[in-house]
> 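Before I ask anything, let me first share the structure, which is written out below as structure tokens.
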Amino acid sequence: MSRSVTIVLVVVALIVGGFALRRAMRDERVSPSAGGSDPKPAQRIDPVKAVFVDVAAASGIVFTHEADAAGEYRLPEEMGSGGAFIDYDDDGDLDIYLVQGGKVVGANLDYRNKLYRNDGGRFTDVSAGSGADVPGYGMGCAAADIDNDGDTDLYVTRLGPNVLLRNDGGRFTDITGSAGVGDPGFGEGAAFVDYDRDGLLDLYVVNYVEWSADEEHACYDPAGDRDYCSPISYPPAQHRLYRNLGGGRFEDATDASGVGAHKGNGLGILCTDVDGDGWVDIFVANDQTPGFLWINRKDGTFEEAGAIRGCAYNSDGLAIAGMGTAAEDFDHDGDYDLVVMNIRDQAHLCLRNDGGFFTDMTHAWGFGGWSMPSTAFGIALFDQDHDGRLDGFIANGAVNRRITSERSDRPFAEPNQFIRRGADGRFRDASGEAGLPIEPVQMSRGAIMGDYDNDGDIDILVTNNRGPARLLRNEQAGANAWAMFDLTPASGARHALNARVEIVAGSEQYLREVRPHVGYLGSNDPRVHVGLGGATTIDRATVTWPGGGRESWADLPVSKHVRLREGASPSFEVLAPDRSGQ
């Protein structure tokens, strides 16, 4: 792209951004009663102050991402990287996997992914000899049990080809070739999902753009200096869908399923039953191209319905710079609403789900002005203080330099954010009360959720581009109750992906789902967490299993890790170790 064309595009973006900012300022003054109010009762214990402490180095996580950023401004340099909370040794606590970058062009044997074993809250680097320390220019990963043997396996997306690592009792084996899932594209997000309900986890792979070093070109910022090109400077990519055949083998179902009919600049992905028909659908956040909503036709094929159902564009008709994405039931009506992260000067996108059709509630739900100064990639939605309302952690990092940046040494660094939702249903920036580490600000990408110390609250693993990984321990110490559910199916994969959990505790009702593959480039704690406010018992927990069966448990304890097994109701198991008192 020529310099003059780039400058014209920047001017157009500034005009659009200015319009969006004026709209945000206008809409932020609108009463939240127009769909933004929280219908749940207001009788709650006062929330405690949020405190996050970076314990990465002190707990043994010493990892710095490499991106080969040497002034060439090649697009892959700024997109990684991710990681996972994964209990790879099945000992009841979460281990950590971190994806390394390396050299965009050339061999990467000296740049390898890292595996850290959790030993009671301290981590040991067990990468060497684990089989998980694969080289290659990595981006993200997804963790799940692909062969129904009870071990959690790993799929790593890369600047081609991707790699599938089978877990054999704590030792990983590269089975990419025999499995047939080594897509050579510009891999970004990935998610395991049983889209055909045969008891085997299939795999959706999100590709970003069609890229090669030979086709890279120079772009410039408004001051005339070199900068990264927009993704729309490159051809959009085809995504991949692989159907699990069993025995560690997959078939490429991209064309047969209909997924191959559309291309987009894919980054974020999540899988959930959007329309309530009992079959899992797939949402993909695309960067400056329309978002995809793949509606499951129940016959092995999908219909792309993003535009028809209202989640391909925002209310201004713009295809946003969609990055990370998440889904929760914000309005407590029994279906899952969507949040999609966006580039600076544009608000993040918040979409209310009404029976499978979406309405832009960005400003009514408070996602306006505070979200516009930064570029967000990772999003984690969780109840930090257990008051019954969802909070959020947002990982920020620019993709183009700020001309007036005060951080000339780190022009892409931006502060991360912590957000709270009030009783009026609106989110606000609560970073100042969160105790977030202020310095050094990084170029953050992933915000990965998990209770790594088994104390009942959600901690955050932050992955940074060209910077150290950070493990933010949640230090909340309030009196509010919580619950953590480990859902185990009667057969099939270790974790019941997309199982739906409805919880009743006193006058409050909550809806959660086993959905580890959300956010950006990461795989989260597969257990289901919920904050319960002042509840002293869980009156009922009802699980809708992936196969469609439903069963309930009554009088469950609060502030415990509990395993619910399919077919075992009313029996349940309180899990150890339980460190809620530490």
Side-chain angles (χ1 to χ4, degrees), residues 32 36-52 328-334 337 365-366 380-393 418-428 430 433-435 449-451 453-460 473-487 500-513 525 527-543 552-564 570 572-582:
S37 61
D38 188 340
K40 299 179 71 177
Q43 293 112 354
R44 302 180 184 276
I45 295 176
D46 290 336
V48 297
K49 183 178 180 180
V51 177
F52 292 95
E328 293 292 349
D329 183 14
F330 290 137
D331 54 357
H332 311 287
D333 66 348
D337 313 297
W365 284 355
L381 293 174
F382 61 106
D383 187 351
Q384 181 275 328
D385 55 4
H386 302 159
D387 70 345
R389 287 190 295 265
L390 289 167
D391 309 301
F393 185 96
F418 175 72
I419 57 176
R420 283 201 186 282
R421 196 178 197 203
D424 62 358
R426 294 169 65 83
F427 285 90
R428 63 180 177 85
E433 68 187 55
M449 300 176 287
D451 181 12
D453 50 5
N454 280 339
D455 66 350
D457 53 34
I458 297 299
D459 312 295
I460 303 293
R473 186 177 63 205
N474 187 348
E475 293 287 280
Q476 76 85 25
N480 291 336
W482 54 270
M484 184 78 79
F485 295 108
D486 184 332
L487 301 184
R500 172 186 172 112
V501 189
E502 300 163 75
I503 300 155
V504 177
S507 62
E508 307 284 7
Q509 299 183 40
Y510 308 90
L511 178 64
R512 296 290 188 269
E513 185 176 19
D525 191 339
R527 299 171 296 185
V528 169
H529 176 265
V530 60
L532 298 170
T536 58
T537 189
I538 297 172
D539 300 298
R540 185 174 66 257
T542 301
V543 177
S552 294
W553 285 259
D555 300 324
L556 294 169
V558 300
S559 301
K560 298 291 182 183
H561 289 79
V562 175
R563 176 170 291 155
L564 303 179
F572 60 88
E573 179 184 358
V574 176
L575 298 177
D578 183 356
R579 303 191 181 99
S580 58
Q582 295 185 11

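What you see is a predicted model; the values in this text were computed from it and never measured.
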> Output, in order, the C-alpha distance, side-chain angles, deciding distance and verdict of side-chain contact (heavy atoms from CB on, under 4.5 Å) for D453 and R473.
CA-CA 8 Å; D453 50 5; R473 186 177 63 205; 3.6 Å; yes
> Could you tell me which non-hydrogen atom of H561 sits nearest to which non-hydrogen atom of G456, and how far apart they are?
CE1-N, 4.0 Å
> So D451 and M484, do their side chains get closer than 4.5 Å, heavy atoms only?
yes
> Rounded at 0.5 Å granularity, tell me how far CD1 in I458 sits from CG in L381.
11.5 Å
> Quick one: pull up NZ in K560 and CD1 in I538 and give me the separation to the nearest 0.5 Å.
12.0 Å
> Would you call W482 and D457 a side-chain contact if the rule is heavy atoms closer than 4.5 Å?
no
> Could you grab the distance from atom NE2 of H386 to atom CG of D391, nearest 0.5 Å is fine?
9.5 Å
> Please indicate whether R540 has more than 12 foreign heavy atoms, meaning atoms of other residues, nucleotides or ligands, lying under 6.0 Å from its CZ.
no
> Looking at side-chain heavy atoms only, is the closest gap between V562 and E573 below 4.5 Å?
no
> With distance as the sole test, does D539 use its side chain to make a donor-acceptor pair with the main-chain N or O of A554 at under 3.5 Å?
no
> Would you call V543 and L564 a side-chain contact if the rule is heavy atoms closer than 4.5 Å?
yes
> Determine the interplanar angle of the F382 and F418 rings, folded into 0 to 90°, and report it as parallel if under 30°, tilted if 30 to 60°, perpendicular if over 60°.
tilted
> Rounded to the nearest 0.5 Å, what's the gap from CZ on R527 to CG on L487? Could you check?
11.5 Å
> Looking at R389, R426, Q384, which one forms a side chain to side chain contact (heavy atoms under 4.5 Å, CB included) with R420?
Q384
> When rounded to the nearest 0.5 angstrom, what is the spacing between CG in L532 and OG in S559?
7.0 Å
> Going from CG on D525 to CG on D459, what distance comes out if it is rounded to the nearest 0.5 angstrom?
9.5 Å
> Assess the pair W365 and F427: is the distance between their ring centroids shorter than 6.0 Å?
no
> Does the D329 side chain pair with the main chain of L511, one donor and one acceptor, at a distance under 3.5 Å?
no
> Taking C-beta and beyond as the side chain, do R421 and F330 meet within less than 4.5 Å on heavy atoms?
yes
> Is any side-chain heavy atom of R512 closer than 4.5 Å to a side-chain heavy atom of R500?
no
